[in-house]
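Here is the structure we will look at, set down as structure tokens.
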Amino acid sequence: MPIATPEAYADMLDRAKAGSFAYPAINITSSQTITAALQGFAEAESDGILQVSVGGGEYASGSTIKDRVTGTLALAAYAHEVAKNYPVQIALHTDHCVKSNLDSWVRPLLAIEAEQVKNGGLPTFQSHMYDGSDVPLEENLQIAAELLELSQAARTILEIEVGVVGGEEDGHEAEINEKLYTTVEDGLATVEALGAGEKGRYLTALTFGNVHGVYKPGAVKLRPEILKQIQDEVGAKIGKEKPFDLVFHGGSGSTAQEISDAVDYGVIKMNIDTDTQYAFTRPVAGHMFTNYDGVLKIDGEVGNKKAYDPRAWGKLAEAGMAARVVEACQQLRSAGNKG
């Protein structure tokens with residue numbers, strides 16, 4: 001199937017919310033990670049989301065070039081072409097754009113997409129994330145309101161973050177402290193600034209102890225019940241059940257119960273990067289260790305071309321990552337829910 005249209009993406013999100021399931025959003029950095037994610041979604045019979053971080057975009061442009069817009073568009077172009085051969089619906093998203101990167105990344109992408117739409121075409125991406133967690137909430141929402149207006153012209157959906165996700169991703173680091181928990185007051189301020197859909201649809205990452213990366217048990221204290229409290233209290237005030245389309249950040253390493261609770265409370269998208277990175281790399285390490293005399297030309301020998309051919313270990317990497325995507329689809333209940 002082709003990459004989702006704006007209407008198909010909205011339908012994906014509506015179906016997830018109505019059916020109490022969520023889509024894995026898998027970070028991609030290369031053609032191999034794209035096909036690995038697509039393979040996983042197809043095997044799980046689940047629609048899904050591929051997303052590009054600023055670092056992933058820079059890497060894809062060429063590790064010596066580091067042009068984040070070029071690389072992001074290149075990954076999207078590859079995905080648009082190869083996704084046609086997979087029997088699932090896929091949406092494209094850009095992940096975690098902090099304020100300092102807006103002018104060099106998401107704003108240019110939105111401008112390109114607004115021009116595509118103006119000319120009668122479809123936007124390259126279906127949604128973009130603005131991460132304003134490193135600025136005061138009032139400023140965060142002020143910028144989000146401006147971006148929401150730009151998103152309407154581009155026919156894309158905006159994702160925002162209200163609260164702080166701990167840990168480190170792409171050079172953006174946050175401490176693990178009480179700021180990791182969004183409050184009801186934060187939720188009310190969000191609706192006051194951005195509306196409840198009438199000004200344009202947006203996804204909201206409300207934080208409930210989320211941390212990027214994987215930590216030992218007990219180091220991260222997730223409290224998914226915060227999501228229910230915010231949904232209930234804000235919803236009661238504005239007369240709308242589960243007013244927020246929620247996103248779960250820092251999903252790698254979470255327990256099945258934490259994931260299930262979060263989905264029950266309105267999460268329809270969960271970001272996964274650390275776990276799929278490991279799932280991709282682990283089979284490569286195994287291949288290199290068990291075939292060391294084939295991948296290396298030891299003691300003047302010639303090695304084994306079948307062992308060091310990048311396709312040999314690349315297929316193993318893709319299969320490993322695809323299996324982790326299937327697991328995520330099962331945990332998030334999106335398996336079997338393709339459109």
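Of the charged side-chain nitrogens involved, none lies within less than 4.0 Å of a carboxylate oxygen, so that K338 and D47 do not count as a salt-bridged pair. We find that R333 and D264 are joined by a salt bridge, their nearest charged nitrogen and carboxylate oxygen being less than 4.0 Å apart. Remark: E7 engages R155 in a salt bridge, criterion side-chain N to carboxylate O under 4.0 Å. Salt-bridge formation is detected for the pair D14/R201: a Lys NZ or Arg NE/NH1/NH2 atom is positioned less than 4.0 Å from an Asp or Glu carboxylate oxygen.
In summary, the side chains of T207 and T182 do present a donor paired with an acceptor at a separation below 3.5 Å, with no hydrogens or angles considered. For the residue pair E159 and T204, no side-chain donor N or O sits within less than 3.5 Å of a side-chain acceptor on the partner. A donor atom on one side chain and an acceptor atom on the other are found under 3.5 Å apart for T72 and W105. For the residue pair K269 / Q51, a side-chain donor-acceptor distance below 3.5 Å is found, with atom types taken as modelled.
Between the side chain of R68 and the backbone N or O of G56, no donor-acceptor pair lies under 3.5 Å. In this structure, D67 contributes its side chain and T70 its backbone to a donor-acceptor pair below 3.5 Å. Formation of a donor-acceptor pair under 3.5 Å by the S334 side chain with backbone atoms of N337 is not found in this model. The backbone N or O of A307 lies less than 3.5 Å from a partner atom in the side chain of H287, making a donor-acceptor pair.
Put simply, the side chain of I298 reaches to within 4.5 Å of the side chain of Y292, judged on heavy atoms. Annotation: side chain of L137 is in contact with side chain of V162 (closest heavy-atom distance under 4.5 Å).
The environment of NZ in K242 is crowded: more than 12 heavy-atom neighbours from other residues, nucleotides or ligands sit within 6.0 Å.
With E146 as reference, R107 is the one residue of K199, K99, R107 to meet the salt bridge (charged side-chain N to carboxylate O under 4.0 Å, His left out) rule.
The aromatic rings of F125 and H128 are tilted relative to each other, their planes meeting at an angle between 30° and 60°.
The ring-ring contact (aromatic ring centres under 6.0 Å, His included) check on Y9 picks up nothing, with sequence neighbours excluded.
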